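Okay, structure first, notes after.
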Amino acid sequence: MEVFVVSLLNGLVYGMLLFMLASGLTLILSMMGVLNFAHASAYMLGAYFAYTISTYIGFWPALILAPLLCGLVGAAIEMFGLRRVHRNGHIAELLFTFGLALLIEKGVQMTWGLLPVPYRVPELLDFPLFSVYGTHFPAYRAFMLLISALMFGAIWLGLTRTRIGLVIQAALTHPDMASALGHNVPRIFTLVFAAGTALAGLAGVIGGNYQVTEPAMAFTMGPIVFVVVVFGGLGSLTGCFIASILMGLIQTFAVVFDVSLADLLAKFGFTVTSGTPFAEVLNVTLPRVGALLPFLMLVLILVFRPRGLMGTRDT
Amino acid sequence: MNMLRRHWPWILAFVILLAIPFLFYDWSKGRHSGFVLTLMSEIGVMAIFALSYNMLMGQAGLLSFGHAVLLGMGAYCAAHVVLLVKAGTIWLPTELVPLAGGLGGLFFGFVFGWLVTKQRATAFAMITMGLGELVSAAALMFMGFFGGEGGIPVDRVMNTSLVGVSYSSPWQVYCLVLVWAFVAAVLMKLQTQTPLGSMANATRDNFERAQFVGYDPRMVRLYQFALSGFFAGIGGGLYVMIYEIVTFDTVSAAKSANALLAVYIGGAGGFFGPILGTIVVVLLQSGVSLLSNAWLLYVGILFIVMVMYAPGGLIGLLFMHMPIWRAGRMRELLLPYARAFPPALIVLLGFVFLVELTSFTTIGAAQGKKFSIGGNVIDTTAPMPWVIALAMLVLGALWLRREARGFRERWDDVMDGIKRQGAMS
Amino acid sequence: MSGDITHVPAIELRDVCKRFGRTEIIRGVNLSIPRGERHAIIGPNGAGKTTLFNLISGRFPISSGSITVDGRSTADLAPQEINRLGLSRSFQITSIFPRMTVFENIRCGLLWSQGYRYSFWHLLGRQKALNEAADQLLERLKLSDRRNLQAGLLSYAEQRALEIGITIAGGAEIILLDEPTAGMSHSETDSAVALIRRVSEGKTLIMVEHDMSVVFGLADRITVLVYGEVIASDQPAAIRGNAAVQEAYLGTVAA
């Protein structure tokens with residue numbers, strides 16, 4: 001029971017973090033058709049920027065400044081890179097962001113070194129908030145939940161209460177229609193791209209010290225965010241939200257339950273020995289499969305339900 | 001005789017490639033340079049791999065992020081076959097080990113292809129990425145087939161050669177690689193001229209139209225994917241012969257990215273683009289990585305520049321000059337090229353200098369390396385080198401921009417002239 | 001038995017409906033087109049003509065009703081399977097293989113019908129009969145001098161002609177042409193009409209067309225589609241005199 005509650009909370013925290021990343025990617029992919037490989041790189045940049053800023057002027061300014069910096073980087077990428085590549089089609093755009101992700105990883109390695117940097121939780125929040133069944137729940141995780149909930153609210157308000165938000169909503173489901181409405185599409189694209197990148201940066205600021213800030217963090221996070229976006233479905237922020245939370249829970253719970261198919265079979269009276277066919281597959285424990293699960297889901301969804309959970313069209 | 005006349009470029013290339021190692025032959029000791037042979041063998045394998053990748057990207061318009069899976073599965077299959085032969089369970093000539101890899105690649109090409117070819121375009125890119133991650137994670141998980149982190153070491157000296165060669169020396173292996181690379185390249189070239197190859201182009205251009213001439217685009221993709229797996233698998237089999245070990249590294253995302261980078265830098269449009277790209281990438285990888293930590297950064301920059309300014313790749317840039325060459329007006333471009341060269345060189349040097357300064361301050365320092373040019377150690381923490389590098393980059397860029405404008409005018413002039421000539425004749 | 005077969009219509013639609021979400025685009029269309037007929041479908045914009053083509057050719061699934069081609073239901077068939085029954089179509093927006101040469105475009109249209117399927121062991125350069133057939137078709141299309149040009153570089157009218165060529169290359173007995181003369185000048189339209197007349201000789205032709213001179217010049221029978229319903233289907237002279245048609249369609253053109 002205690003494991004369950006703690007895992008539920010942790011899964012929620014991780015899920016909200018994923019949503020902060022995935023929401024921006026969903027917006028970019030649905031509206032612009034760009035599968036942005038560099039999205040997780042913005043997450044990494046956010047963490048590194050926050051680390052550097054916090055060593056000089058502290059964590060709280062970094063919380064504001066690092067996402068803004070990321071947003072600026074995003075705007076520059078869209079205006080000087082993507083827009084130029086755009087006329088060569090979506091595949092060229094995808095390749096461009098792929099190259100960019102490669103460069104950012106290398107750039108980060110060269111600027112901050114190959115090893116993880118000591119980006120830590122601010123002291124103010126470094127205490128256990130409460131404990132369930134003897135397990136402490138750190139205050140910082142509650143803070144992460146708070147930030148992501150605030151962000152979620154802000155996005156929601158922005159999309160439903162502002163004029164530009166309504167245009168973005170329309171463009172989400174009908175990307176071809178936006179230009180027909182006579183809006184300045186390039187500017188909206190830049191805005192969405194910058195906002196999405198800034199969100200990813202924010203996720204990096206609060207996620208970098210929750211996980212580890214290292215050059216490989218983008219390449220481990222990137223595919224998982226793709227899975228969430230595909231799982232949630234193109235053009236649906238609600239689907240994206242549900243998928244993020246589900247993915248957070250799945251990954252957290254997979255680590256907790258140390259069981260394998262062999263254990264399951266044992267309950268039904270089958271004993272798996274090394275002589276059993278596929279013994280290796282049956283003996284793999286769930287925590288080890290946990291890392292595989294997102295990719296398995298990605299493949300299965302794209303094969304059997306390319307529309308995702310709540311998508312308006314096929315991926 | 002007729003064959004010689006028609007296929008002389010292939011034969012010439014074969015002879016040249018066979019001769020190159022002798023340029024580095026150490027006559028005093030009477031042996032080949034191991035480094036050069038391994039490097040050229042690697043180019044051979046990666047060229048097959050890149051060509052097989054281009055069967056998807058160039059021919060069928062399919063952007064895969066998991067192509068190394070096919071190379072790797074071919075390599076694992078070949079390694080197991082070698083083990084079986086060594087154990088005496090089966091008999092197979094050493095020369096046919098790559099074929100075993102190819103058949104393994106073909107099999108997994110069908111299995112994985114059945115899943116991934118349900119999609120095309122962006123979704124295909126994603127699903128191949130998922131598959132690649134899945135297989136590389138599985139490679140670390142299952143000891144039986146993949147050997148875990150240690151991989152599967154083999155001994156290539158099998159004593160089952162058809163021509164009595166032991167394959168104990170790199171030179172013998174290089175010859176095997178060369179022959180197989182040519183066989184594979186010729187077959188892949190021929191494949192582009194078959195109904196399947198032609199319909200792969202058609203589904204790339206317009207999959208709906210392909211449906212309405214009676215073809216199922218999904219089946220075209222599937223067969224194309226499986227065949228591409230066959231050739232990638234041959235590459236995998238050769239990989240086993242060169243390195244005598246297969247690790248999860250062969251199925252990794254980095255290997256897949258390598259093929260993508262090579263094909264795009266070389267150019268997906270022409271058949272020989274991927275080969276050119278492979279040579280560039282492998283040379284940068286092997287050559288630059290000896291001197292610098294940043295080879296992947298350079299490759300990445302080259303890739304982005306290509307995506308932004310030359311989507312046809314290096315081969316596309318060469319082909320752009322064809323009409324001018326045919327019109328015999330290349331001479332008129334000599335001067336503009338010569339004028340653009342110095343600033344381009346300065347920009348390049350400034351950039352490399354800057355990158356290396358950064359790299360040595362962080363990674364180099366951590367590894368205890370010193371940045372030295374021509375024996376002079378450079379203090380990367382002093383401001384002077386940074387100022388020089390930046391100045392070279394900025395001033396060079398400004399100069400290059402001016403020359404580039406002049407170059408473009410000259411180019412347009414020449415092209416206009418050729419077009420007008422063409423219209424008159 | 002064999003006598004019966006000639007009485008089976010080339011295409012038959014029974015109570016065909018198509019809904020996109022809640023909007024009903026095609027509302028219970030019944031249509032029977034006998035073999036060898038040149039049939040035109042006309043109607044105002046948004047009447048569902050192109051949608052009807054997409055349903056017949058299998059590009060979209062129908063919501064209810066049935067469609068048969070040569071007496072065979074096409075309910076569960078993919079577009080390529082319907083094509084293999086002998087039905088071929090062109091598109092309103094030119095649909096060719098732009099990065100392949102004109103010759104290769106035509107050859108792609110021929111491959112399946114000549115039995116090459118997914119072969120990767122035939123070298124196309126050595127298939128004499130195939131290449132000759134492609135060249136002959138190019139001759140008929142008057143595109144021989146463009147043979148080795150990239151199809152994407154052809155002029156608009158040439159691309160339209162090429163598309164008709166790809167459509168008929170496979171020897172389909174039923175040909176669907178979607179606005180084959182749209183966007184053409186007068187002289188281009190005339191040569192396109194001549195081309196269509198030549199290539200549809202002895203075959204079943206169904207076309208959507210806005211140009212009334214083309215329609216009345218070519219068609220044996222005309223169907224008028226308004227808001228997803230057939231309001232008339234008759235010979236040209238009768239259509240001209242039909243009051244409902246004049247009110248719904250021709251009247252607006254005249255005005």
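None of these values were measured; they are calculated from a predicted model. Per chain, numbering begins at 1; letters A, B, ... match sequence-line order.
- Comparing A:Leu296, A:Leu95, A:Val85 by how many heavy-atom pairs each has under 4.5 Å with chain B, the most go to A:Leu95.
- Taking the six-membered ring for Trp, B:Tyr264 and A:Phe98 have ring centres at least 6.0 Å apart.
- Residues of residues 220-227 of chain A lying under 4.5 angstrom from chain B, judged on non-hydrogen atoms, are A:Pro223, A:Phe226 in numerical order.
- Evaluation of the salt bridge (charged side-chain N to carboxylate O under 4.0 Å, His left out) test over residues 82-95 of chain A, restricted to residues two or more places apart or in two chains, returns A:Glu78-A:Arg83.
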Under 3.5 Å donor-acceptor pairs involving side-chain atoms of residues 133-144 of chain B, not counting sequence neighbours:
residue: B:Ser136; atom: OG; partner: B:Gly132; partner atom: O; Å: 2.8
residue: B:Ser136; atom: OG; partner: B:Glu133; partner atom: O; Å: 3.3

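- Of the listed residues B:Thr361, B:Leu131, B:Leu260, B:Val116, the one with more heavy-atom pairs under 4.5 angstrom with chain A than any other is B:Leu260.
- Within the 4.5 angstrom heavy-atom criterion, only side-chain atoms of B:Leu63, from C-beta onward, approach chain A.
- Taking NZ of A:Lys106 as the reference point, atom OH of B:Tyr298 lies at 12.0 Å (rounded to 0.5 Å).
- Chain A forms the most heavy-atom pairs under 4.5 Å with one residue out of B:Ile127, B:Val307, B:Thr358, and that residue is B:Ile127.
- By the 6.0 Å contact criterion, CZ on B:Phe319 is open, its count of non-hydrogen atoms from other residues, nucleotides or ligands being 12 or less.
- Heavy atoms of A:Phe37 lying under 4.5 Å from chain B belong exclusively to its side chain.
- With a 4.5 Å cut-off on non-hydrogen atoms, B:Ala253 does not touch chain A at all.
- Within the 4.5 Å cutoff, the side chain of A:Ile91 has no heavy atoms near those of the B:Met57 side chain.
- Around atom CD of B:Glu208, more than 12 heavy atoms belonging to other residues, nucleotides or ligands sit under 6.0 Å away.
- When atom types are taken as modelled, the side chain of B:Gln119 and the backbone of A:Val303 share no donor-acceptor pair closer than 3.5 angstrom.
- Here CG of B:Leu296 is found 7.5 Å from CD of A:Glu105. Values are rounded to the nearest 0.5 Å.
- For chain A, the option among B:Pro311, B:Gly130, B:Ala125 with the highest count of heavy-atom pairs below 4.5 Å is B:Gly130.
- A side chain to side chain contact (heavy atoms under 4.5 Å, CB included) with A:Leu102 is found for one member of B:Leu297, B:Leu261, B:Val299 and no other, namely B:Leu261.
- Screening A:Val230, A:Val229, A:Val299 for a side chain to side chain contact (heavy atoms under 4.5 Å, CB included) with B:Met126, the sole residue that qualifies is A:Val230.
- Every side chain to side chain contact (heavy atoms under 4.5 Å, CB included) that B:Ile304 has, sequence neighbours left out, goes to A:Phe96, A:Leu100, A:Leu103, B:Met308.
- Surrounding NE2 of B:His80 are more than 12 heavy atoms belonging to other residues, nucleotides or ligands, all under 6.0 Å away.
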